[in-house]
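Written below as structure tokens is the structure these notes are about.
Everything numeric here is computed off the predicted structure, so don't read it as measured data. Each residue takes its place number in the sequence, starting with 1.
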Amino acid sequence: QKSDINFISWFGEKNLPFALLFTKADKLSKSRLFNGLEKYKRTLMEQWDEPPLSIITSAKTGEGKDQVLQLIEEMNSELKD
């Protein structure tokens, strides 16, 4: 949605660290999820040199949980330094 793109752009303009979390991955087929992500990345690439970090998650299956926790740990470490 346009509001999502605007919000993401704001983070980029302010040079703030962030990642895109795509939730409820278990609700879509793998092909539909892949196609949606590719469309989102193409839209972002109209304004960005490279897409922001993206993590696919599912609370139901636990997919992406370790990646999100690792990212939080890394960002916390960077902020402490």
Side-chain angles (χ1 to χ4, degrees):
Q1 292 186 1
K2 186 174 179 164
S3 61
D4 294 332
I5 299 297
N6 289 340
F7 191 59
I8 293 165
S9 296
W10 181 84
F11 270 91
E13 290 166 10
K14 301 296 181 189
N15 206 23
L16 297 171
F18 72 98
L20 301 176
L21 302 182
F22 293 92
T23 61
K24 300 183 182 178
D26 54 283
K27 302 281 184 186
L28 298 173
S29 68
K30 294 291 182 190
S31 62
R32 190 164 178 209
L33 179 62
F34 176 80
N35 290 335
L37 290 174
E38 287 302 308
K39 183 179 177 184
Y40 211 85
K41 286 181 182 180
R42 280 194 305 273
T43 300
L44 289 175
M45 294 305 292
E46 293 172 4
Q47 297 177 4
W48 294 67
D49 292 333
E50 59 184 74
L53 173 64
S54 300
I55 302 173
I56 298 169
T57 67
S58 168
K60 185 176 182 179
T61 66
E63 180 179 358
K65 177 182 175 183
D66 291 339
Q67 289 175 285
V68 171
L69 292 175
Q70 181 180 352
L71 177 63
I72 291 169
E73 186 175 313
E74 289 171 6
M75 289 184 153
N76 282 337
S77 292
E78 288 177 17
L79 292 173
K80 288 179 186 178
D81 293 339

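With hydrogens and angles disregarded, a donor-acceptor distance shorter than 3.5 Å links the side chain of Thr57 to the backbone of Phe22.
The minimum heavy-atom distance between Ser58 and Ala25, with the atom names listed, is CB-N, 4.1 Å. The two residues Gly64 and Ile55 come nearest to each other via the heavy atoms O-CG2, 4.0 Å.
Atom CG in Leu21 sits 10.5 Å away from atom CD1 in Ile56 (nearest 0.5 Å). With values rounded to the nearest 0.5 angstrom, Leu44 atom CG is found 11.0 Å from Arg42 atom CZ. To the nearest 0.5 Å, atom CG of residue Leu33 and atom NZ of residue Lys30 are 6.5 Å apart. Residue Trp48 holds its CH2 atom at 6.5 Å from OG of Ser9, rounded to the nearest 0.5 Å. Between atom CZ of residue Arg32 and atom NZ of residue Lys27 there is a gap of 12.5 Å, rounded to the nearest 0.5 Å. Put simply, CG on Leu20 and CD1 on Ile8 are 4.5 Å apart, with the number rounded to the nearest 0.5 Å.
At a threshold of 4.5 Å between non-hydrogen side-chain atoms, the residues Lys39 and Asn35 do not count as touching. Taking 4.5 Å as the limit, every side-chain heavy atom of Glu63 sits out of range of all side-chain heavy atoms of Asp26. In this structure, the side chains of Tyr40 and Ile5 come closer than 4.5 Å at one or more pairs of heavy atoms.
The number of heavy atoms from other shown groups lying within 6.0 Å of CD (Glu73) does not exceed 12.
Using bins of under 30°, 30° to 60° and over 60° for the plane-to-plane angle, the ring pair Phe7/Phe11 lands in the perpendicular bin.
Hydrophobic clustering (side-chain heavy atoms under 4.5 Å, transitive across Ile, Leu, Val, Met, Phe, Trp, Tyr) keeps Phe18 apart from Val68.
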